[in-house]
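A short write-up of the structure that comes next.
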Number of protein chains: 2
Amino acid sequence: MKPVSNATKDTQKRILDIAEQLLLTRGFNAFSYQHISSALGVRNAAVHYHFPRKTDLGVALVQRYRRRFARFIEAHASLGPLQQLEGYFELTDAYFHQDEQICPSGILTTEYHTLPEEIQLEAGAFITEMRDWAKTIARRGRDEGGMSYPGSPEAMGEVMFAALQGGLQLARIDAGILDTIKQQIRDLLKVEKS
Amino acid sequence: MKPVSNATKDTQKRILDIAEQLLLTRGFNAFSYQHISSALGVRNAAVHYHFPRKTDLGVALVQRYRRRFARFIEAHASLGPLQQLEGYFELTDAYFHQDEQICPSGILTTEYHTLPEEIQLEAGAFITEMRDWAKTIARRGRDEGGMSYPGSPEAMGEVMFAALQGGLQLARIDAGILDTIKQQIRDLLKVEKS
DNA sequence: GACACCTTACTAACCAGTAAGTAAAGTGAT
DNA sequence: ATCACTTTACTTACTGGTTAGTAAGGTGTC
């Protein structure tokens with residue numbers, strides 16, 4: 001993970017793109033450097049040149065998620081909570097429609113006990129950021145927008161996040177489940193269909 | 001998986017117990033026959049004697065879950081829906097308190113694309129049975145018991161199941177999340193704290 | 001000529017799975 | 001009741017494949 005040139009940056013990005021796809025479809029333990037190198041058309045050691053240990057690749061992957069998610073939040077910051085909720089739903093749909101990917105949080109927590117500590121730490125921070133966003137939507141929805149629900153915004157945010165994380169996984173068994181859960185969350189928040 | 005004697009039955013059971021623990025803490029791809037044999041104090045091939053392929057072990061594991069869950073449902077069949085809900089919550093808590101295990105459905109769906117087809121089929125049936133139970137609680141809760149919520153019982157059941165599946169996974173990052181989610185589900189169902 | 005970016009070639013560990021052998025327990029005929 | 005035979009539940013010893021990771025060398029570019 002040393003280099004600076006443009007060629008390297010491009011290769012690094014392509015490695016991360018392939019690894020991300022593999023992570024969200026197969027999990028961290030179920031993909032290897034061979035999967036990446038053959039998809040990229042290079043030799044095994046070339047991947048190790050850019051990411052010496054698999055742990056480095058995993059950390060880089062989660063860090064990129066965190067940067068991307070921060071941009072996503074910023075891009076949706078000026079919207080109302082109802083639109084933010086729909087943006088969240090669209091993100092969820094996008095995962096599923098791309099080869100039945102699941103939420104990165106779902107992979108990282110499920111494989112948590114088998115992951116290197118460096119990845120665990122990065123994953124914990126990432127997941128906290130995502131949960132916080134769900135809570136923010138619930139809070140703003142009650143304070144400013146047209147949401148009405150029992151319990152605290154924090155608790156409602158946790159349920160929304162957990163239900164969508166679980167829903168993305170269950171959608172692999174029954175594709176319809178995701179739409180059902182999205183609509184039920186709208187109903188629980190007393191939000192009109194959009 | 002051929003034998004019938006008592007000694008074999010006992011060894012088989014112990015293999016399944018160890019494998020179950022490993023499955024729910026590490027996942028199917030992250031445990032090996034070595035883990036089992038060393039925990040059991042026998043050689044590798046002894047495990048292969050009872051379960052020739054890892055696929056056989058996986059199928060046996062899910063089938064045992066299905067039998068156990070069927071008994072669980074039957075044991076709770078005569079109870080009211082509010083008590084059934086609390087029984088479901090206790091089951092969830094039991095998983096978490098045993099080495100931060102997660103819901104088998106969470107493992108099986110997350111690793112779904114890497115599992116042998118025989119396990120996928122068994123997993124699909126098992127997960128359908130669990131989802132159906134959650135829906136039954138929601139339906140009976142509305143029809144007979146003291147539950148009140150927007151949307152259909154089916155949709156509410158899916159959200160409950162998905163939220164608890166996700167919640168068990170997220171509890172590895174933040175142990176408090178599980179209690180928060182359980183209470184919020186009670187609130188969403190307009191159930192009094194028990 | 002130094003450095004970035006790769007390749008070839010390798011290691012040691014681990015994986016699922018198998019073949020052959022063995023001790024002990026059970027079974028059946030006499 | 002004993003002997004012959006079979007079966008059960010393993011063991012030792014192995015195979016072929018995959019894993020992450022490394023060391024050394026080559027090639028093109030600045």
Side-chain angles (χ1 to χ4, degrees), chain A residues 1-20 22-23 25-62 107 111 113-120, chain B residues 1-20 22-23 25-62 107 111 113-120:
Chain A
M1 237 182 352
K2 320 167 178 178
V4 265
S5 85
N6 273 355
T8 283
K9 263 199 164 175
D10 188 66
T11 304
Q12 270 197 8
K13 185 188 177 302
R14 280 154 68 192
I15 290 173
L16 286 171
D17 288 343
I18 294 164
E20 180 180 320
L22 288 164
L23 179 75
T25 52
R26 300 180 55 89
F28 191 74
N29 292 317
F31 80 83
S32 70
Y33 272 37
Q34 328 280 344
H35 286 109
I36 298 171
S37 59
S38 69
L40 194 62
V42 295
R43 297 295 178 165
N44 223 314
V47 184
H48 277 286
Y49 171 76
H50 292 282
F51 301 95
R53 298 166 306 144
K54 202 183 176 187
T55 301
D56 300 323
L57 177 59
V59 168
L61 226 34
V62 182
I107 291 282
E111 294 188 305
H113 291 138
T114 71
L115 295 176
E117 199 183 338
E118 293 156 74
I119 300 182
Q120 287 183 347
Chain B
M1 237 183 353
K2 322 168 176 177
V4 266
S5 87
N6 274 355
T8 283
K9 262 200 166 174
D10 187 68
T11 303
Q12 272 197 7
K13 184 189 177 302
R14 279 154 69 192
I15 290 173
L16 286 171
D17 288 343
I18 294 164
E20 180 179 321
L22 289 164
L23 179 74
T25 52
R26 300 181 54 88
F28 191 74
N29 293 316
F31 79 83
S32 70
Y33 273 36
Q34 328 280 344
H35 286 108
I36 297 172
S37 60
S38 68
L40 194 62
V42 295
R43 297 296 179 165
N44 223 314
V47 184
H48 277 287
Y49 171 76
H50 293 283
F51 300 95
R53 299 168 303 145
K54 202 182 175 187
T55 301
D56 299 323
L57 177 58
V59 168
L61 226 33
V62 182
I107 290 281
E111 293 189 304
H113 292 137
T114 71
L115 295 176
E117 198 182 339
E118 293 157 75
I119 301 183
Q120 287 183 346

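All chains are named by letter (A, B, ...) in the order of the sequence lines, taking the proteins before the strands, and each is independently numbered beginning at 1.
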Pick out the pairs of N or O atoms, protein on one side and nucleotides 7-10 of chain C on the other, that lie under 3.5 Å.
| from | atom 1 | to | atom 2 | distance (Å) |
| --- | --- | --- | --- | --- |
| C/dT7 | OP2 | A/Arg43 | N | 3.0 |
| C/dT8 | OP2 | A/Arg43 | NE | 2.7 |
| C/dT8 | OP2 | A/Arg43 | NH2 | 3.4 |

Shortest non-hydrogen contact from A/Phe31 toward A/Lys54: O-NZ, 2.7 Å

A/Ile36 versus A/Leu57, closest heavy-atom pair with distance: CD1-CD2, 3.6 Å

d(NE2, B/His48; C1', D/dT11) in whole Å: 14 Å

Near-strand residues of residues 27-40 of chain B, defined as heavy-atom separation under 4.0 angstrom from DNA chain D: none

Presence of A/His50 side-chain N/O under 4.0 Å of C/dC6 phosphate oxygens OP1/OP2: yes

Side-chain heavy-atom pair A/Val42, A/Thr11 within 4.5 angstrom cut-off: no

Pairing stems for DNA chain C [at least three consecutive pairs; Watson-Crick or G-U; under 3.5 angstrom]: C:1-30 with D:1-30

Atom pair distance, as rounded to whole Å: CD1 in B/Ile15 and P in C/dA16: 14 Å

Summary of salt bridge (charged side-chain N to carboxylate O under 4.0 Å, His left out) pairs that have at least one residue in residues 32-53 of chain A, sequence neighbours excluded: A/Arg53-A/Asp56, A/Arg53-A/Glu118

Passing option when A/His35 is tested against A/Ser32, A/Ser38, A/Ser37 for side-chain hydrogen bond (donor to acceptor under 3.5 Å, both in side chains): A/Ser32

Integer-rounded Å distance: C/dC14 P and B/Lys54 NZ: 15 Å

Residues that A/Ala30 engages under side chain to side chain contact (heavy atoms under 4.5 Å, CB included), provided they are two or more places apart: A/Arg26, B/Asn29, B/Thr114

Euclidean distance, B/Asp17 CG relative to B/Gln12 CD, rounded to 0.5 Å: 11.5 Å

Results of side-chain hydrogen bond (donor to acceptor under 3.5 Å, both in side chains) for B/Thr25 - residues two or more places apart only: none

Heavy-atom side-chain proximity of A/Phe51 to A/Leu16 below 4.5 angstrom: yes

Interatomic distance, A/Gln12 CD vs C/dA4 C1' [rounded to whole Å]: 12 Å

Student check: side-chain heavy atoms of B/Phe28 and B/Leu61 closer than 4.5 Å: no

Reported CD1-to-CD distance for the pair A/Ile119 and A/Glu117, which is rounded to 0.5 angstrom: 11.5 Å

